[in-house]
Amino acid sequence: MIQYHETTKTFHLNNGKISYLMKVLPNGALGQLYFGKAIQDSECFDHLFEQHHRPMSAWVFEGDKLFSLDHTRQEYPSYGTTDFRHPAVEVIQPNGSRITDFIYVSHTVTPGKPALEGLPATYCEQGDEAETLTIRLEDRLLGLAAELSYTLFAQHAALARSVRFVNSGTQELHLTHAMSLSLDLPDSDYEFIHFSGAWSRERHMKVRTLEQGIQSVESTRGTSSHNHNPFVMLRRPGADEQRGEVLGFSLIYSGNFLAQAEVDNWDVTRFTMGINPFGFDWKLAPGESFQTPEAVVVYSSEGMGAMSRTFHTLYRTRLARGEWRDKPRPILINNWEATYFDFTEDKLVSIAQAAKEEGVELFVLDDGWFGARSNDFAGLGDWQANTNRLARGIPGLAERIDALGMKFGLWFEPEMVNKDSDLYRAHPDWIISTPDRRVSHGRNQYVLDYSRPEVVDNIFGQMSKILSEAKVSYIKWDMNRCITEAFSASLPADRQGELFHRYILGVYSLYERLTTQFPHVLFESCASGGGRFDPGLLYYAPQGWASDNSDAISRLKIQYGTTFCYPISSIGAHVSAVPNHQVNRITPISTRANVAHFGTFGYELDLNSLTAEERALVREQIAFMKEYREVIQFGEFYRLKSPFDGNFTAWMVVSPDQKTALVGWYKVLNEVNGPFRRLRLQGLNPAFRYSVDGDSGHFGDELMNAGLVATDSAAGECQPFERKSFDFDSHIFVLKA
Ligand code: DGJ
């Protein structure tokens with residue numbers, strides 16, 4: 001898949017789906033020639049490296065008024081040696097200079113994909129699944145190498161990139177920009193699409209037209225954040241779900257990131273993605289190395305849908321890991337919205353018992369079971385059960401749940417501490433805070449300094465003790481605040497700029513240790529809902545609580561937005577009580593389930609509080625999920641109608657053999673005397689005949705072109721024999737070939 005043409009010094013990465021072309025430039029730097037649909041190989045693509053005399057430029061070589069990096073598309077650019085755009089790399093040197101000059105030295109091509117030390121990344125199971133090209137660039141003056149890594153997957157239109165810096169020189173250097181990916185595209189005819197929001201309205205789709213200048217999204221909060229997601233698309237105008245060119249960029253990282261498109265004055269688009277340079281400063285002493293996180297770029301010429309499905313398959317099968325990766329996820333009940341902090345052991349068991357009666361498989365005990373925690377002022381950091389509440393501790397409760405025939409799961413917030421805790425009293429210096437300054441709180445809690453191995457060791461010790469002595473099958477790992485007054489008592493002054501990244505490395509190391517020692521445990525990530533819903537955590541936790549907003553109508557946008565990058569098997573979605581606790585909306589229990597079915601399904605309420613009629617519906621919902629969860633969680637997902645465009649939302653999943661499909665259809669507000677409506681389906685086999693909800697059948701080509709009739713009684717005056725339509729209505733069509 002990876003070719004190098006020595007005579008023209010050209011690299012061609014080509015897997016039959018995409019081509020990626022680079023070339024060594026006259027000054028030895030690496031130039032970018034092409035990224036897009038696969039093209040045939042040729043010895044020479046030099047004509048794609050264009051030069052023109054452009055006045056007011058600066059030129060690299062004396063006597064030459066053509067070669068300027070100002071107008072050259074590069075692979076891993078530096079600032080200030082004739083290029084004035086934002087760089088991929090910046091290094092502060094002992095003499096104060098920031099100028100670097102990275103030139104090509106050598107390269108290797110290896111089968112498969114090496115792991116990234118200490119960082120989550122995509123991986124291979126067989127050597128022939130991918131090839132990795134490593135290009136060594138060097139700044140000779142500094143003795144600093146940048147090893148650019150490119151992994152091309154045989155089966156996916158996807159390229160994974162990362163960079164490793166090695167200081168082989170004699171001076172202490174400071175890396176202030178070390179982007180994972182930089183890509184110069186020849187034009188700017190794109191829309192920049194990102195997924196932004198805030199707590200309880202995460203990943204809302206935002207579309208802007210690229211213009212000359214800089215557009216970016218970032219996090220400076222210490223987490224990837226509710227506010228922006230480390231995923232961006234560049235979409236050609238007119239491209240949609242099924243047609244047109246789309247590039248998807250995703251960073252496998254859970255901390256401060258930057259995703260930026262800079263359009264220069266000749267309409268070249270430079271896209272960069274990586275650790276946010278804002279506040280970043282990594283000291284690289286002689287002999288030390290630094291590994292950037294991995295960025296994945298996906299190309300699609302068949303719209304956003306195909307791009308998403310590439311991410312879904314790659315991330316579901318070659319980013320998520322462990323026993324639970326390929327297993328249908330248990331249907332769970334979580335007590336948080338049912339009790340908050342107000343529970344007794346018997347109350348918990350009664351919630352579990354009612355859930356078990358309807359078919360729920362896993363009971364999850366949320367916040368409030370440990371230390372002095374009876375509200376959010378105390379207890380975080382003390383991961384021992386509160387025996388006033390749970391007489392025989394976690395083992396005792398776990399046994400009672402086990403006796404019901406259910407699995408048991410437990411909530412932790414391992415990165416936090418309350419001042420009212422034994423841990424804080426013993427180690428007040430373990431929190432992140434700046435000497436002599438006020439330390440801000442978030443929800444009355446403080447952030448443990450995970451850059452310190454002894455802190456991570458302590459929490460690992462506490463958590464592994466519980467997991468070893470009780471039957472715990474699932475962990476919900478929460479994280480409920482951002483990092484402020486960033487400073488570590490254990491880092492010297494010239495390493496304080498490393499704290500945010502070291503913090504995330506500490507989080508990853510704890511995940512790594514726990515998932516290794518307890519391989520049977522299913523981890524679900526959470527950060528006040530979707531505050532860290534990112535590919536970094538997907539590597540350790542194959543599912544994540546997508547949002548604290550459990551309202552079905554709000555969830556349409558949140559879950560729809562999430563699907564652009566993340567597989568359905570990763571989206572935690574539950575049925576909760578009404579009026580909904582976040583938005584006070586009353587929606588039918590059928591719609592709450594019809595939305596939550598497209599995720600890892602569960603309940604977030606006390607089923608004892610439901611009527612007999614509602615309980616019967618719950619039983620049906622659970623039976624439905626058990627019948628179809630493989631299709632939902634491991635099938636191909638298609639978006640049909642966007643909640644960002646109006647009153648209706650629709651999406652569907654199709655089984656790998658195309659014999660079963662489920663179409664979710666949702667209406668926000670009811671209407672009267674409305675139009676007839678059809679949904680043009682996708683992903684079916686045109687030649688298969690599908691029964692829809694048990695009818696006599698329609699060919700796949702009819703359903704995909706003429707469409708599925710999705711008209712309801714709102715198309716006129718509702719007739720006595722018809723099912724009444726209403727606000728917040730929904731339906732899941734079941735198609736069987
Ligand atoms: C925030 C989470 O998102 C909720 O689901 C719940 O676990 C609370 N924290 C508990 O404090």
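None of these values were measured; they are calculated from a predicted model. We count ligands from 1, going down the list as the structure has it; atoms in each ligand are counted the same way.
Of all protein heavy atoms, the one lying nearest to atom 5 (O) of ligand 1 is Lys476 NZ, 2.7 Å. Residue, atom and distance of the protein heavy atom nearest to atom 3 (O) of ligand 1 are Asp548 OD1, 2.3 Å. Counting only heavy atoms of the protein, atom 9 (N) of ligand 1 lies nearest to Asp478 OD2, 2.7 Å. Protein heavy atom nearest atom 11 (O) of ligand 1, with residue, atom name and distance: Asp367 OD2, 2.7 Å. Counting only heavy atoms of the protein, atom 7 (O) of ligand 1 lies nearest to Asp366 OD1, 2.6 Å.
Geometrically, Arg321 engages Tyr539 in a cation-pi contact, judged by NZ or CZ lying under 6.0 Å from the ring centre and within 45° of the ring axis.
Contacts between Arg443 and ligand 1 below 4.0 angstrom, taking non-hydrogen atoms only, involve the side chain exclusively. If you look at Asn480 next to ligand 1, the close heavy atoms, those under 4.0 Å, all belong to the side chain. Contact annotation: for Glu413 versus ligand 1, there are no heavy atoms closer than 4.0 Å.
Under the 4.0 Å criterion applied to side-chain N and carboxylate O atoms, Asp402 and Lys407 are not assigned as salt-bridge partners. A salt bridge links Glu361 with Arg629; the closest basic N to acidic carboxylate O contact falls under 4.0 Å.
The aromatic rings of Phe370 and Trp383 sit tilted relative to each other, their planes meeting at an angle between 30° and 60°. Between His228 and His194, the ring planes lie tilted relative to each other; the angle falls in the 30° to 60° range. The aromatic rings of Tyr446 and His441 sit tilted, their planes meeting at an angle between 30° and 60°.
In terms of polar-atom proximity, defined here as any N/O pair under 3.5 Å, Arg373 makes no such contact with ligand 1. Backbone and side-chain nitrogen or oxygen atoms of Gly529 are examined, and one is located within less than 3.5 angstrom of a nitrogen or oxygen of ligand 1.
Distances below 4.0 Å separate heavy atoms of Cys526 from the following atoms of ligand 1: 2 (C), 3 (O).
Donor-acceptor pairing under 3.5 Å is recorded for the side chains of Arg373 and Asn418.
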